[in-house]
Undergrad: 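Provided herewith is a single structure, encoded as structure tokens, for subsequent inquiry.
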Protein chains: 2
Amino acid sequence: MRPFFHPSIEDLRPEAILHALSDPDRAAIFARIATQGCVGSCSRLAALGERVIPKSSLSSHFKVLREAGLVRSERQGVEMRNSARCAEIDQRFPGLLPAILNAYAMSGGGDVKL
Amino acid sequence: MRPFFHPSIEDLRPEAILHALSDPDRAAIFARIATQGCVGSCSRLAALGERVIPKSSLSSHFKVLREAGLVRSERQGVEMRNSARCAEIDQRFPGLLPAILNAYAMSGGGDVKL
DNA sequence: CCCATAGTTCGGAAAATCGGAACTAGTGAA
DNA sequence: TTCACTAGTTCCGATTTTCCGAACTATGGG
């Protein structure tokens, strides 16, 4: 399994970002990665919520986030290290991520828990 | 056909807004309504781009925008008057809409033309 | 090598989207 | 009233996307 594909900054498309974050699970995953800086990843996240997200679903969620340019994934031994590309994205689309994360935080408050 | 359903401010969900605007066509429609204040609607929009959007698709696009709380639609004689609910949304989710519209404007520039 | 863990890929079922054709609503005219 | 025209919605089948269990791949120890 060779290194993953990560789009470069100039290839980021707003529709992909919005689509990726329009799913509450993915948004929660991303929020977690973004606020904690780094999360090593799937199974660790799966255990956090009361609802179990199957690992094949988690895998595809990460793929969507990755291909939207939201996270960077690197293999670290057996597991995965995911980091948010907030700074890069904020440079390209200023204020977008903060506004979205804030909107989710406002709405429901703890509704998006994972 | 009685008045449409419009969610109230406190019922707005970020995922619905992001989903609605994650489609470039819908985003372009909304951007137009938002910047022009008001657009009376479907067939008028359909003619603007070089690509023809069928009216059944336009109708469902408006439905998605409406139910996400992004636009308000009222019948005005034989046609429809659509207005953006920017102020209300910005009060609930500050900065969200400007950031998204700006992101689309940045990306592609005229890419999202309609 | 064998086993365990972390994650990806495959494949079929369920859900969402697209768009043409038919239908409904409002308006004006005869 | 009835006919015609326009604006938009609804219906429904075809295509596309999403979901998730099962099978597979990769890495690291014993």
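Everything quoted here is computed from the prediction, not taken from an experiment. Every chain is numbered from 1 and lettered A, B, ... according to where its sequence line falls, protein lines coming before strand lines.
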Undergrad: Starting at CD1 of I53(A) and ending at C1' of dT8(C), how long is that distance when rounded to a whole Å?
TA: 17 Å
Undergrad: Is the count of non-hydrogen atoms from other residues, nucleotides or ligands lying under 6.0 Å from E10(B) atom CD greater than 12?
TA: yes
Undergrad: Rounded to the Å, how far apart are M80(A) CE and dT8(C) C1'?
TA: 9 Å
Undergrad: Take atom CD of E67(B) and atom P of dT9(D), then tell me their distance rounded to the nearest Å.
TA: 11 Å
Undergrad: Short question: side chain of R26(B), backbone of A20(B) - any donor-acceptor pair under 3.5 Å?
TA: yes
Undergrad: Distance check: side-chain N/O of S59(B) vs OP1/OP2 of dG8(D), anything under 4.0 Å?
TA: no
Undergrad: Can you identify which nucleotide, out of dA7(D), dA6(C), dG20(C), has its nearest atom closest to the K55(B) side chain?
TA: dA7(D)
Undergrad: Taking the nucleotide of DNA chain D with the nearest heavy atom to each, does D23(A) or G77(A) sit closer to the 5' end?
TA: D23(A)
Undergrad: Just the rounded figure in Å: distance from P of dT18(D) to CD of E15(B).
TA: 16 Å
Undergrad: Return no unless some side-chain N or O of H61(A) is found under 4.0 Å from OP1 or OP2 of dC20(D).
TA: no
Undergrad: May I have the distance from Q76(B) (atom CD) to dG26(C) (atom C1'), rounded to whole angstrom?
TA: 13 Å
Undergrad: Determine: side-chain N/O of S57(A) to OP1/OP2 of dC19(D), distance under 4.0 Å, yes or no.
TA: no
Undergrad: What is the distance, rounded to the nearest whole Å, between atom CZ of F5(A) and atom P of dT8(C)?
TA: 16 Å
Undergrad: Report yes or no: does D90(B) contribute a side-chain atom to a donor-acceptor pair with the main-chain N or O of G95(B) at less than 3.5 Å?
TA: yes
Undergrad: P54(A) has a side chain; which of dA7(D), dC20(D), dG28(D) sits nearest to it?
TA: dC20(D)
Undergrad: Looking only at side-chain atoms of E79(B), point me to the closest of dC20(D), dT8(C), dG8(D).
TA: dG8(D)
Undergrad: Identify which nucleotide among dG20(C), dT27(D), dG8(D) has an atom closest to any side-chain atom of V78(A), counting heavy atoms from C-beta outward.
TA: dT27(D)
Undergrad: Is a salt bridge present between E88(B) and R72(B), judged by a nitrogen-to-oxygen distance below 4.0 Å?
TA: yes
Undergrad: Which nucleotide in the set dC20(D), dG7(C), dT9(D) lies at the smallest distance from any side-chain heavy atom of S56(A)?
TA: dC20(D)
Undergrad: Under a 3.5 Å distance rule, please check whether S59(B) uses its side chain to pair with a backbone N or O of K55(B) as donor and acceptor.
TA: no
Undergrad: Starting from C1' on dA7(D), measure out to CG on L58(B) and report it in whole angstrom.
TA: 12 Å
Undergrad: Rounded to the nearest Å, what distance is computed from the CD atom of residue E74(A) to the C1' atom of nucleotide dA6(C)?
TA: 16 Å
